[in-house]
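Read the structure below first, then the notes.
Residue numbers begin at 1 in each chain, while the letters A, B, ... track the order of the sequences.
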Amino acid sequence: MSGTRTGRISGDAAPLAFNENPAADSRQSRSVPAGTQSHRLSSGGQIDRKHPLGFTFDGKKMVGFAGDTLASALVANGVKLVGRSFKYHRPRGILTAGAEEPNALVELRGGARREPNTRATTAELYDGLAAQSQNRWPSLRHDVMAVNSLFSPIFVAGFYYKTFMWPAKLWEKLYEPAIRRAAGLGKASGEADPDHYEKAWAHCDVLVVGSGPAGLAAALAAGRAGARVILAEEDSRLGGRLLSETGEIDGKPVAEWLADAQREIAGLTNIRIMTRTAVFGVYDGGTYGALERVNDHVAVPPAHQPRQRLWRIVAKHAVVAAGAIERPLVFPGNDRPGVMMASAVRSYINRFAAMPGRQVALFTNNDDGWRTAEAVQRAGGAVAGVIDSRGVVPEGYRGLNLRLLSGVVSEVNGGVDGVRGIVVRDAGGRTQQIEADCLAMSGGWNPNVALSSFQRGRPAWRDDIAAFVPGQCPPGMVMVGAAGGDFSLAACLREGHAAGAVAAKDCGAKGMAGEVPRGDDEGFAIKPLWHVEGGKAFVDFQHDVTASDVKLAQREGFESVEHLKRYTTLGMATDQGKLSNVNGLALMAEATGRDIADTGTTIYRPPYAPVAIGALAGHHRDENFHAWRLTPSHHWAAARGAVFVDTGLWKRAQWYPVAGEKDWLESVTREVLAVRNGVGFCDVSTLGKVDVRGPDAGTFLDRLYINTFSSLAVGKARYGLMLREDGLVYDDGTTSRLAEDHYFLTTTTAKAGPAMQHLEFCRQVLWPELDVQLTSVTDQWAQFSIAGPNTRDLLKNLCDPSEDLSNEGFPFMGVREVALRGGMRARLYRISFSGEMAFEIGVPARYGEAMAENLMRAGAEFDVTPYGTEALGVMRIEKGHVAGPELSGTTTADDLGLGKMMSKKKDYIGRAMAGREALIAPDRQVVVGIKPVNKANRLRSGAHIIPKGAAPGPDTDQGYLTSVCYSPMLGHWIALALVERGRERHGEIVRAYDPLRGEDMEVEITSPVFYDPEGGRQRG
Amino acid sequence: MRIACPFCGERELGEFTYLGDAAPKRPLAFAADGAEQPDAQDLFFDYVYLRDNIAGDMNERWYHGGGCRSWLTVTRNTTTHEIKAVRAAPGAGAQKPAKAGAIS
Ligand SMILES: [Zn+2]
């Protein structure tokens, strides 16, 4: 054993005995208040005494060193009390030195960057760090809610369920807010997070999780062999448990071996080292979720850098060397500030040169706990005694002059300032008092099996180490070292090396893995001690679940571990039971008389460590929540002040307000009147567009649509309707025949993506024998609808004079390519959605803005008006054209008034099922028009159609208003609606009943075509 | 989950869309002689609605919409998510038209 890290705790009279005085360091211009580190050892540790860092805890100024965590700095400063417990508001101190910490949760930073529930044990100290304790009011020392503790007999397991059952309405208003105030964790800032979060992918042959002895040996072996390795380490530096232990590897002190190993790894370019990166989940196909805390160790991330990065790592093999977590002992007073895990005490002494107490007592049921007594002694601390429930000094510790007390700790005395003494009870029930200000406890070690269990692998119980070890690991994963239940240094090195070598070889790496590093093969013996009877003994520190809560759950019949968990909330806090689960189910096993293996564990689910929502969202927040699609004329429209609406991913111009207009209705009405009386244009590029080519293109479309397209003449367009295979309407649009073997198909904006998928399914799966190919060209074309009586005149200004645009030269539903003035070519389609004389013009998308400007120029003399989707919608409702609200996935072709389009001569998608009894029933709700009887009334979409005089209800409901608008042409509100037997009821007066808005009015059922029912305008 | 597309290689789940059981075959609404199938509605009912829900290996249809736009038949164990085989639909890619009734 090496003695490199010894030190002497500074005495009371001289609170600090730094090797070097930080205030005298020339690199530090600041004067550092150096008088606070009362528990810092004068030498040793992996802290940088040349770099003092100022920080505050609850506003109190303190100093730590670079290399500290917030927790180690607090230990060095002699801080015992760091938080209040969740339910009873009991004073709590730092329990661990790692990610499993349940007590020392703080709010880090301030303002918008405030981060609640941060584990002080994993928060790296930085200069200016500000931390606040949580769950206390008004202060940590004087917390009024600590009165909960007096009422603890009523706060037992299931308390919330039992107490706040009735009346239910009080829950939301009274109980829940009160409980949340009393039993809370930290508070979120409530402000937008100013930092960035990234998402990234990484691929490798071998992912090594953890960089303790097993992980380092694995990474070295795989890396030397030549495999592509990612070494992920949660901590800021490599080494894992080696950072906290003394001993030798390959005959060198561990610190020296570690430095050599790091140098070698850094020299292997095929190893990617990812520190501050916690692997939190395992997913199918060798995919691992990991969170890299890129800039959590600084107050504000540097410019253009994210705070955290979410990784998805794809690995052919994973060697998981996640180590083990020491298990608390369950005894009365085990939650007092100053009671600490034995391994954590070693970490604070060896790694951070901070001594958690001046008189350290140790309570253990296994050999490993004794190492802490040795570490305390070696660092010059006083060991008050070792209480070993087994009553023997293990071999190897017999020469250390440690005082063995056979028995258990039955009481811990002390208050908010921590432990003052303990009571030891021997097998005969005799007790004795021992003075101590720190009690280190070791209940054995739980291999960190989480990553092996996220895909339903069930851990297996091993009696010899009194712990669960990994069961069946997910494909490609092995667990080695302490994570696999082999705790000795030699075993960790051996297993890690072997796993790394095997994984690399399997990935085709041909190099040599090198020698197995040699270390001590120290033994591990344990005799379980699950519970010491007496007072309140905590199992789950974070959720205040005691041993008696577990027993109560059993008495009340919640015996399965899953019920135990939910009834007592054991293991449901942010630490996810890393410390508590095994103790909880051991107590349940004891209470039910089963053994632990039969009791089993709860299901493990990712994430292993908390992952902020911000990291999962990455850049997908605010305006970047999803991708945007901009129409080809977007910037032109934006420059004109258009108001945009989100339509799926698209941003579409909704209307173009002009100065003096008081609301959207005025703008939209102006646009509609301008089109109907003159000419206007609208960007309709968002419609899905598909090129359908090949000799069988016509046959393909015949099978796709209810109507026929093979008979469509070249140069003509036709409206088509598609059904789903279940017979309900899927989508509609016009399709043009550009050549014998070339159709241009359009879909609605909403269905552009799904329809393409559907078309590909039909082509590839249903009818592979058809010679037809599909190409999505939605993004390739800028398409504008030009509508109104002056459309042809505008086009004459736009098109080459040789183009015949007359009714004869370019009839309704005609399609052809035309030459524009200046020589560019465009596709022109004489189709109308507005019911006006209209054309659509298509040019390559890159000319979208230029085309919008050309349309303005060509139409200037007719006062051409750009219009948005709102005016488009008004005009289609006036014309009774169905759209999204009517194509709702519940309507048939006949419901929409399009039943006559259904061909009887051919098969098509949905044909057979469209004939089902209920889909052809005479009382179906069909599309009609609706007018208010009182023309001043405004209609509301969603209002129900109810017969006059009937009481509103499901039995009298006859349909609803689907699309509503104010009709500038009619001068009042109109609607399309789906109404039972509606076609037979034109002229009937019914009611539009809208309980949401408290409206109920008489309306008339009409034809859905309100405007120009003969259709003369569009054909003119 | 990762699917090895025959055209694009191994790609992650997010690029694919799931359709379901690949077993149902679309019935013919007309017989070879051009007469309407009298039981077409029953056959189509089965085709549209009846699916096996297999705990184990199952042939499923997946669409590589985030890649080559191919429809794939993926043999996947529904309990372990292990993928045993991935085949392109007969009409996938720029292949010559497949024969009618080809196995997909
Ligand atoms: Zn593909």
Side-chain angles (χ1 to χ4, degrees), chain A residues 199 201 203 283-287 312 314-316 455-457 472 474-476 690 694-696 700 703 723-728 753-754 756-776 904-917 919-920, chain B residues 1-4 10-14 16-17 19 22 24-30 34 36-37 39-49 61-66 68-73 76-77 79-83 88-104:
Chain A
K199 289 198 257 193
W201 284 91
H203 297 256
Y283 305 92
D284 290 323
T287 306
R312 277 173 285 184
V314 182
K316 296 193 184 88
Q455 297 192 332
R456 297 224 152 207
Q472 178 78 36
V690 185
D696 294 328
F700 177 75
R703 295 183 187 181
L723 305 186
R724 307 190 308 214
E725 197 68 274
D726 66 3
L728 295 167
M756 189 66 198
Q757 179 173 337
H758 173 64
L759 262 61
E760 288 288 9
F761 181 82
C762 294
R763 184 185 77 82
Q764 296 178 29
V765 179
L766 298 185
W767 310 309
E769 71 277 12
L770 297 183
D771 191 355
V772 59
Q773 293 293 333
L774 307 170
T775 311
S776 169
K904 298 215 165 26
K905 294 182 210 142
K906 55 155 189 162
D907 185 24
Y908 54 86
I909 298 284
R911 179 186 196 271
M913 298 298 274
R916 282 184 290 164
E917 194 180 345
L919 296 194
I920 54 171
Chain B
M1 202 161 81
R2 300 176 69 76
I3 296 174
E10 189 185 289
R11 309 294 304 170
E12 69 110 7
L13 182 64
F16 298 87
T17 315
L19 183 71
K25 297 275 180 283
R26 190 172 191 272
L28 295 171
F30 293 91
E36 246 179 291
Q37 290 277 13
D39 55 351
Q41 227 175 70
D42 290 341
L43 296 172
F44 270 91
F45 183 90
D46 291 357
Y47 169 65
V48 172
Y49 292 112
R61 295 204 191 284
W62 290 78
Y63 177 61
H64 196 191
C68 61
R69 287 202 337 248
S70 290
W71 277 93
L72 309 172
T73 304
R76 187 178 71 105
N77 186 304
T79 60
T80 65
H81 302 181
E82 187 196 351
I83 292 173
Q95 302 169 15
K96 288 247 164 62
K99 288 214 173 68
I103 312 280
S104 58

Part of Ile909(A) within contact of chain B (heavy atom distance under 4.5 Å):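 Both parts, backbone and side chain.
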
Contact part of Arg916(A) toward chain B, heavy-atom cut-off under 4.5 Å: side chain, backbone, both or neither? both

Residue, of Ala912(A), Gly727(A), Pro474(A), that accumulates the most heavy atom pairs under 4.5 Å with chain B: Ala912(A)

Count the heavy-atom pairs under 4.5 Å between each of Glu760(A), Met913(A), Lys906(A), Gln757(A) and chain B, then report the option with the highest count.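 Heavy-atom pairs under 4.5 Å are most numerous for Gln757(A).
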
So do the side chains of Glu36(B) and Arg911(A) get within less than 4.5 Å of each other, counting heavy atoms only? yes

Minimum heavy-atom separation for [X] and [Y], please, with both atom names.
X	Y	answer
Asp284(A)	Thr80(B)	OD1-O, 4.1 Å
Leu919(A)	Asp726(A)	CD1-O, 3.7 Å
Leu770(A)	Phe700(A)	CD1-CA, 3.8 Å

Structural part of [X] lying under 4.5 Å from a heavy atom of chain A:
X	result
Phe45(B)	both
Glu12(B)	side chain
Leu13(B)	neither

If the condition is ring-ring contact (aromatic ring centres under 6.0 Å, His included), which residues does Tyr283(A) pass it with, not counting sequence neighbours?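 Not a single residue meets the ring-ring contact (aromatic ring centres under 6.0 Å, His included) criterion with Tyr283(A).
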
Most heavy-atom pairs under 4.5 angstrom with chain A, which of Tyr63(B), Tyr47(B), Tyr49(B)?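 Of Tyr63(B), Tyr47(B), Tyr49(B), Tyr63(B) has the most heavy-atom pairs under 4.5 Å with chain A.
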
Is it true that Arg26(B) and Asp907(A) have a side-chain N and a carboxylate O under 4.0 angstrom from each other? yes

